[in-house]
Amino acid sequence: MSESALYRSVEPQVSFPEMESRVLEGWAARDVFGKTLRQREGGPEWVFYEGPPTANGKPGIHHVEARAFKDVFCRFQTMRGHYVHRKAGWDCHGLPVEIAVEQELGITQKREIEEKVGIGEFTRRCRVSVQRYVDDWARLTDRIGFWVDLDDAYWTMSSDYVESVWWLLKQIWDKGLLEEDFKVVPYCPRCETSLSSHEQHQPDAYQTVVDPSVYVRLPLAEDPATALVVWTTTPWTLLANMAAAVGVDVTYAKVADPDLEGRYLVVAKDRMKQLLGDEVEALEEMTGADLVGISYTPPFGFVPSGPRGHRVRPGDFVSTEEGTGIVHLAPYGEDDMAVARRDDLPIVQMIDGTGHVVPSAGSFGGLWFKDADAAIVRDLDQRGVLLRSENYEHAYPHCWRCNTPLLYFARKDWYIRTSQLRDQLQASNEETNWQPPTIKHGRFGDWLANNVDWSLSRDRYWGTPLPVWRCDNGHTLCVGSFSELSELAGEDLSGLDPHRPYIDEVTFACPQCSTEATRVKSVIDAWFDSGAMPFAQWHYPFEGEAAFETRFPADFISEAIDQTRGWFYSLLAIATMIRGHNSFKNVVCLGHIVDEAGRKMSKSRGNVIDPWVVIDQQGADAMRWLMLTGGTPWSSRRVGMQSIQEALRKYLLTLWNTYSFWVTYASLEAFDPTGMDIPVKERPETDRWILAELEDTVREVTRALDDFDATRGGRRIERFVDDLSNWYVRTNRRRFWRSTTDSDTRAAFLTLWECLVVTAKLTAPFTPFVSDEIFTNLTGPDGNAPESVHLADWPQPDEMRVDDALVRRMRLTRKLVALGRSARTDARMRVRQPLARAVLVGPAAELRELGDLTGVITDELNVKVVDYARGMEELVSYSVKPNFKALGPRFGARVKGVAGALAATDAHALVATLEKEGRAFVAVDGAEVELTPEELDVRIEGRPGFSLAREGPYGVALDLDITPELRAEGVAREVIRGVQDLRKTAGLAVEDRIELSLSTDDDSIAEALKAHLEYVSSEVLATTTHLDEETAGDAAATIIEVDGGVVTAKLQRP
RNA sequence: GGGCCCAUAGCUCAGCUCGGUUAGAGCGCAUCCCUGAUAAGGAUGAGGUCGAUGGUUCAAAUCCAUCUGGGCCCA
């Protein structure tokens, strides 16, 4: 391939990963990202917030998804002229980081941290671990072309960030919304900390487990022959049984104990048959109110009854939907604790903070709470207390980080009273645009409607310390800044690392009573950190006030759907508490990436796709394109190497090859579009057509991206590229190998050039690498062009180019070509054999409109002329049916009468009238009805004996009569094709000239070749062509089978 | 148990908002064609009771209800 000074040569066999690496280097060397920002400085701001990834592991392919969506809209808005500030961020704190470090240290229990490692060393290692993973993330972020400012990232562990978080907490404290409270909370006995409700609701938290489902007898103290029956799936809670609850209005029944002669059971009447079979009879009935106050013998004697324990209590939460209608109460449930507080029940904790049964529980002491279940069931059975035990499969919550089954514990923790702000939170949600919209009032709206207080404190080490100090007299104080703390402590603490253990050493005299105040040892939920980023990323309010005010709220955020209870919530809650409004206007909520079998990707399943493997094999553009356009973004999607490969082939390669085609011929012709213009209306129709399609594409893609619908936009681009490659280039390629002085050739070059340049701009937000490669090469000769597509402006719509009629006509042309090809296949007539004519059938008005486009049909079908079906009725018969969509509204139920009338009418006559007068008449129910062409569905049928391809009212028939002239031309085309193949296998470039020699034994073939010698020579670029002469030496040779005979072709370079 | 989402060809997915009588692509498969850009492209074929049932309607993949199965979220 010859080199040209104008363009870099383009190999059709491209390695996208290598190309991308080159583009990346160029971006870095020339600071293209920085230039895109500086170029838009002072322009209208479009605000993006980066949701900080947790730096506790290497990024997976699902992280690429979110980053692709974030990037596409930011790039789009930048090209539209907005200044889109993009500050990267890293979520540094929290249990996930601690767990990674615990694993690194080989620690399995929390207490080992303090005993063996020390808090200082532990948090130091957390910091190092974060830094290491952030490096991994930064590397991937850069490689996939997600443009965020990694050099100016916010880190939630930085002192500035922590100070802003303190300030926010102080605001919340001042509003009286930050309080300590005693609540039942999910608690992880391995991590030895409680979990917030949104942590508990992380993916994977609920796992299906099989637990014992036990029915237990609680014999009445006064009447041991009769027992209450309670049901539980957590036998270990029976150790701490406090009381039993009944519904006061529920009807209970006393029934015979099926296992023990002369004994009785009490259960809800509604549950009786379910539990004991249809045969069971109620011997006695009573209401729950009748039972209240009765004493029973508890399943175990570890909890002293006292005056109030182990009695029947009323509870409005009791239902007869499951269980026995009598609920066993233990200090492990919200409802249970409410009753305990109300009725002053004996609370004895039988499980310790590590999840083990306390030593006072006899033989159960020291057992892991889950392991105690089996021993407890055995014990109950031996003592005749167990009525029944089954296995029960249900979803049970597990710690989302370490996978330990959770406990529900009554504990004292710090809360933000978000439940008092429900209305405001909901109002903030109303201001927000959700994509997909169903989440707004669905999943997220429900969550807000059922909002519970935000459990903020964590008994852990690596996190933003809760800035609350307390003195021995119980006075508490929230500190809102380092300077405030310095003042209280009487020393300058501005340089202090605000993390544990250093902050714990800061004490001061209580302002109220002067006794020493020490910090409450908790750290806070890391979700508060990330939700604070609109403020804390600028160190607001200590610094960055202008930046904050300009960039609050965000125009756009995007994360996966699991963030509804995570970051989406913490952002909304904090901003609403501080500013009274949400901090984001639009949110694109993504589904999960699943593997090709539809299973969730997880490390434990080993089905995670490493993004680096994809990048090395197929490149970042292919991965991005699949994420952005394959499937519905908010549904979970199957992704595998196969689907990425397909995205590459279908889109990127098609685009690339069209581009390669242009550059190949533009280089040969030294074509430079700079400053050249041919008014669109002076270009051929086929050019005007593709430009009209381009115009439509620009509009649709712009609209789609404005609507945050990357998928719709991407698919429109893909369709355009397919039209461009497989129709425009296909039908126009001969125009490119004449001379550029010819104005038609110039028009073709200009048209395709413009299509490619605009496509490069449209696809730039989606596939930033290939678009820049194409753009820079195509605009290379133009000294005024932007140095990168990402510095270019988004294409402007151009009203002048819209041409719906032309688009419609081309659609018809393509349909007729498809029908013609179909007719050829039916007739087993290869396309290389020219035919005299094709006969087109269809509504006359439409066919008349085709005009010059019939040239496309003759070329594609390889026929000399096209004819119209006028006077060709012998070829076809018509059937006319109602167009129900048009006639339905007009006639309603009578539409069937019209259909009947049409069926009874002579179709040919009807079509003839329609063609002549533009309307038709039928008799319906005795009345004459006028019908327009739009109201009728005309179809044609082939008559027996004719080869005709048809669809709806359209058809194409071929004249299969092959004259000797046509046959000779067919021979020539066969030979041309054979020689072209030979050129290719001989490794010749498209512009290389050859010497050709052809020989054959068949006289008629020889004659055909003689007649078309000039045609053959010019088509294959032969400077000389010998017939029946041997060429000497090492010429490349092939045998071409032609129409029953054989031609031997040899060629060599002159 | 409750909420949300999904169910269309062997596989991946459009179409459903706003109902219209022949339900479309791609991958894979078979046969053939085309190739002076293309790891391409085209034609034909096999492959669908549009998850099931009921309803609304002249007309339902599309709207409504119920059910089944799957996923997610929550109890």
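Only heavy atoms go into these numbers, but all of them, side chains included; no hydrogens, no water, no symmetry mates. Letters A, B, ... mirror the listed sequences (proteins, then strands); counts begin at 1.
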| Aromatic plane relationship, A:Trp662 with A:Tyr7 - under 30° parallel, 30 to 60° tilted, over 60° perpendicular | perpendicular
| query | Any idea how A:Phe671 and A:Phe749 line up, ring-wise: parallel (<30°), tilted (30 to 60°), or perpendicular (>60°)? | reply |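 The arrangement is parallel - the two ring planes meet at less than 30°.
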| field | Residue pair A:Thr629 / A:Thr711, side-chain donor-acceptor N/O under 3.5 Å | value | no
| query | Any side-chain donor-acceptor pair under 3.5 Å between A:Asn777 and A:Tyr659? | reply |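 Per modelled atom types, A:Asn777 and A:Tyr659 side chains form a pair under 3.5 Å.
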What distance, rounded to whole Å, do you find between the two [atom1] atoms, one in [N] and one in [M]?
N	M	atom1	answer
B:G71	B:A9	C1'	23 Å
B:A14	B:A61	C1'	12 Å
B:C72	B:C33	P	50 Å
B:C50	B:A60	P	12 Å
B:G48	B:A25	C1'	14 Å
B:U35	B:A40	C1'	9 Å
B:A37	B:C27	C1'	24 Å
B:A46	B:G28	C1'	12 Å

| said: Under the rule for ring-ring contact (aromatic ring centres under 6.0 Å, His included), what residues qualify as partners of A:Phe720, not counting sequence neighbours? | reply: none
| message | My understanding is that only residues two or more places apart in sequence, or in another chain, count here; which of them pass ring-ring contact (aromatic ring centres under 6.0 Å, His included) with A:Phe884? | response |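 Per chain and number, A:Phe884 pairs via ring-ring contact (aromatic ring centres under 6.0 Å, His included) with no residue.
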| task | Report the stems of RNA chain B as range-with-range entries sorted by first number; a stem here is at least three consecutive pairs, Watson-Crick or G-U wobble, both distances under 3.5 Å, and write none if there are none. | result |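 B:1-7 with B:68-74, B:10-13 with B:24-27, B:29-33 with B:41-45, B:51-55 with B:63-67 - these are the stems of 3 or more pairs that involve RNA chain B.
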Rounded to whole angstroms, how far apart are [atom1] on [X] and [atom2] on [N]?
X	N	atom1	atom2	answer
A:Leu819	B:C33	CG	P	20 Å
A:Leu590	B:C72	CG	P	17 Å
A:Arg715	B:G26	CZ	C1'	11 Å
A:Tyr651	B:C13	OH	P	21 Å
A:Asp707	B:U17	CG	P	18 Å
A:Trp434	B:C5	CH2	P	15 Å

| task | Go through the steps to decide whether A:Asp723 and A:Arg814 satisfy the test salt bridge (charged side-chain N to carboxylate O under 4.0 Å, His left out), and finish with yes or no. | result | CA-CA 11 Å; A:Asp723 283 342; A:Arg814 294 177 73 169; 3.0 Å; yes
| Hey, mind stepping through A:Arg712 and A:Asp707 against salt bridge (charged side-chain N to carboxylate O under 4.0 Å, His left out) and telling me if it holds? | CA-CA 10 Å; A:Arg712 202 173 83 223; A:Asp707 291 348; 3.4 Å; yes
| task | Mark up nucleotides 34-42 of chain B, 5' to 3', with B wherever a protein heavy atom is under 4.0 angstrom from a base atom, S wherever such an atom reaches only the sugar-phosphate, and - elsewhere. | result | SBBBSBSSS
| task | List in chain and number order the residues that pass side-chain hydrogen bond (donor to acceptor under 3.5 Å, both in side chains) with A:Arg649, two or more places apart in sequence or in another chain; answer none if no residue qualifies. | result |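 So A:Arg649 forms no side-chain hydrogen bond (donor to acceptor under 3.5 Å, both in side chains) with any residue.
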| With side chains defined as the heavy atoms from C-beta onward, is the minimum distance between A:Met623 and A:Gln618 less than 4.5 Å? | no
| task | Could you check A:Thr654 against A:Ser725 for side chain to side chain donor-acceptor pair (under 3.5 Å), going step by step and ending with a plain yes or no? | result | CA-CA 7 Å; A:Thr654 309; A:Ser725 169; 5.6 Å; no
| request: Check for a donor-acceptor pair, side chain of A:Asn883 on one end and backbone N or O of A:Glu934 on the other, with a separation under 3.5 Å. | output: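 Yes, because the side chain of A:Asn883 sits within donor-acceptor range (under 3.5 Å) of the backbone of A:Glu934.
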Identify all pairs in which a protein N or O lies below 3.5 Å from an N or O of nucleotides 20-25 of chain B, and state each distance.
| residue | atom | partner | partner atom | Å |
| --- | --- | --- | --- | --- |
| B:G20 | O2' | A:Lys885 | N | 3.4 |
| B:U22 | OP1 | A:Arg939 | NH1 | 3.4 |
| B:U22 | OP1 | A:Arg939 | NH2 | 3.3 |

